[in-house]
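Working notes, structure below.
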Number of protein chains: 2
Amino acid sequence: MPTAAAIEPLLRAAGLRVTRQRVAVLAVVHEHPHADTGTLIDAVRAELGPVSHQAVYDVLQVLTDAGLVRRIQPSRSLARYEARVADNHHHIVCRGCGTVADVDCAVGAAPCLTPAEAHGFEVDEAEVIYWGLCPACAAPTRANH
Amino acid sequence: MPTAAAIEPLLRAAGLRVTRQRVAVLAVVHEHPHADTGTLIDAVRAELGPVSHQAVYDVLQVLTDAGLVRRIQPSRSLARYEARVADNHHHIVCRGCGTVADVDCAVGAAPCLTPAEAHGFEVDEAEVIYWGLCPACAAPTRANH
DNA sequence: CCGTTTTTCTTGAATCAGTCAAGTCTTTGA
DNA sequence: TCAAAGACTTGACTGATTCAAGAAAAACGG
């Protein structure tokens, strides 16, 4: 778990003001990869005491714009955030419980894939989400045969 | 645009009852690929007269479960639906205006990609979303140099 | 170290896609 | 044509996210 001392330079390097709330939110995202907004708000409050949800939403937006965190939002799921931003890795999402796991990208740099026909779009990122069942959710289905 | 006569067999083949609402919704999804829920509701009402939003939500859910339409939901976007389901194609989303375009999948069948390390997940689909700027949204940025 | 400026946080209300529940109507199959 | 099963309508509700205005805190020049 990153300490406040480790988080501060990240904020300053991104040209952002350093506040208790920002340090706490960024630390919490590091601690809880793929956590949804509600979980993050709870975790921040556990650390700082009362903090408005609005502050957390604002901070997440700012951190996302600054490239310090990445927002992911699989269908039918709340927004989730992760602090792993340097590489262009991907995700596996469980259709059963919604758990998210990281998958390394073979290429590493975005966009790791390029479309065959881009319709004139300027593509800068290829986001890949693998859908399936995690080991826990897949187990019961084995009883079907 | 598919006629009611062309839509009906699709519903019956999927083992679904045929109702005016279902025919209209499925036709509208064919007509407006990648349209969001609000647009679909408006289009259905333009065709049938007053229809509850609830009916449209229900029908879309049923059609999705039956595999007649596919739901896509890029981050920061409302749910969108498309009727192209046979192939495992992908999408390009414009960061500027949210426009969605289809991209053919080189492989065709799901999952077209398999993760290097699946953490024990049973993967059945790889969803790829390319992010970038459509020609219209990219144009203004050219004035920057 | 202090005041000013700028940005951020708090408070409280509002929005809006999507969901729930109960009752009525339509489709299907006999 | 009739009964049973499934769909649709109505109306209220939920819950994540956003808006707006004022209070507080950080940055910066003096």
Side-chain angles (χ1 to χ4, degrees), chain A residues 4 7-28 34-45 47-66 68-69 71-81 98, chain B residues 4-5 7-29 34-45 47-66 68-69 71-81 98:
Chain A
I7 295 290
E8 267 199 46
L10 296 175
L11 292 170
R12 295 195 192 281
L16 299 176
R17 292 197 174 185
V18 176
T19 66
R20 292 191 319 139
Q21 290 85 343
R22 288 183 176 178
V23 171
V25 170
L26 189 46
V28 160
H34 313 133
D36 62 46
T37 325
T39 303
L40 293 175
I41 292 174
D42 290 346
V44 169
R45 286 180 176 158
E47 201 162 311
L48 294 186
V51 176
S52 66
H53 66 178
Q54 186 66 3
V56 177
Y57 277 110
D58 281 353
V59 169
L60 287 171
Q61 182 66 55
V62 167
L63 295 179
T64 302
D65 291 346
L68 292 177
V69 304
R71 177 194 171 106
I72 58 177
Q73 186 174 20
S75 288
R76 301 278 188 190
S77 167
L78 305 183
R80 292 163 180 272
Y81 292 86
Chain B
I7 295 289
E8 268 198 44
L10 296 176
L11 291 170
R12 294 196 192 280
L16 300 176
R17 292 196 173 188
V18 176
T19 65
R20 292 190 319 136
Q21 291 87 341
R22 289 183 174 179
V23 171
V25 169
L26 189 45
V28 160
V29 173
H34 312 133
D36 61 47
T37 325
T39 303
L40 294 175
I41 291 173
D42 290 347
V44 169
R45 285 179 177 159
E47 202 162 308
L48 294 187
V51 177
S52 65
H53 66 177
Q54 186 66 19
V56 178
Y57 278 111
D58 281 354
V59 170
L60 287 171
Q61 182 66 55
V62 167
L63 295 179
T64 302
D65 291 346
L68 293 176
V69 303
R71 176 195 172 105
I72 58 177
Q73 185 174 21
S75 288
R76 301 278 188 190
S77 167
L78 304 183
R80 292 162 180 275
Y81 292 86

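Order of the sequence lines fixes the chain letters, A, B, ..., with proteins taken first and strands second; residue numbering starts at 1 for each chain. Below, all heavy atoms of this structure are taken into account, side chains as well, without hydrogens, waters or symmetry copies. Given the structure is predicted, the values throughout are model-derived calculations rather than measurements.
Within the 4.5 Å cutoff, the side chain of B:Leu68 has no heavy atoms near those of the B:Val29 side chain. Residues A:Val18 and A:Val23 have side chains in contact (heavy-atom distance under 4.5 Å, counting atoms from C-beta outward). In this structure, the side chains of B:Gln21 and B:Leu48 come closer than 4.5 Å at one or more pairs of heavy atoms. Residues B:Leu11 and B:Leu63 are in side-chain contact: their nearest non-hydrogen atoms beyond the backbone lie under 4.5 Å apart. Two residues are said to be in side-chain contact when any heavy atoms from C-beta on lie closer than 4.5 Å; A:Val62 and A:Asp65 fail this criterion. Considering only heavy atoms from C-beta on, B:Val25 stays 4.5 Å or farther from B:Val51 through its side chain. In this structure the side chain of A:Arg45 reaches within 4.5 angstrom of the side chain of A:His53, judged on heavy atoms.
Along DNA chain C, the nucleotide closest to A:Arg22 and the one closest to B:Gln73 are compared, and the more 5′ of them pairs with A:Arg22.
Rounded to a whole Å, the CG atom of A:Asp65 is 15 Å from the P atom of C:dT7. At whole-Å resolution of the value, CG in A:Leu11 and C1' in C:dT8 are 13 Å apart. One can place CD1 of B:Ile41 at 14 Å from P of D:dT10, the figure rounded to the nearest angstrom. Put simply, CG on B:Leu40 is 11 Å from P on C:dG18, counting in whole angstrom units. The interatomic distance linking A:Gln61 (CD) with C:dT8 (C1') rounds to 14 Å, in whole Å. One can place CZ of B:Arg80 at 11 Å from P of C:dG18, the figure rounded to the nearest angstrom. Taking atom CD on A:Gln21 and atom P on C:dT11, their separation rounds to 11 Å, with Å as the unit.
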Item to complete: Please assess A:Thr39 against A:Asp42 for the test side chain to side chain donor-acceptor pair (under 3.5 Å), listing each intermediate value before the final yes or no.
Response: CA-CA 5 Å; A:Thr39 303; A:Asp42 290 346; 5.9 Å; no

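Among the protein residues, B:Val59 comes within range of the sugar-phosphate backbone only, with heavy atoms under 4.0 Å from sugar or phosphate atoms but none that close to a base.
Interatomic distance, CG of A:Asp58 versus CZ of A:Arg22, reported as 8.5 Å (0.5 Å rounding).
Using a distance-only test at 3.5 Å, with no hydrogens or angles considered, a donor-acceptor pair links the side chain of B:Thr64 to the main chain of B:Leu60.
Between its two ends, the helix from C:dC1-D:dG30 to C:dA30-D:dT1 turns its axis by 40°, counting five pairs per end and rounding to 10 degrees.
OP1 or OP2 of C:dT19 lies within a sub-4.0 Å distance of a side-chain N or O belonging to A:Arg76.
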Protein-proximity profile, nucleotides 25-30 of chain C, B/S/- by nucleotide at the 4.0 Å heavy-atom cutoff, equals --BS--

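DNA chain C is contacted by B:His53, B:Gln54, B:Tyr57 of residues 50-58 of chain B, taking any non-hydrogen atom closer than 4.0 Å.
Of all heavy-atom pairs spanning B:Val28 and B:Glu47, the tightest one is CG2-OE1, 3.9 Å.
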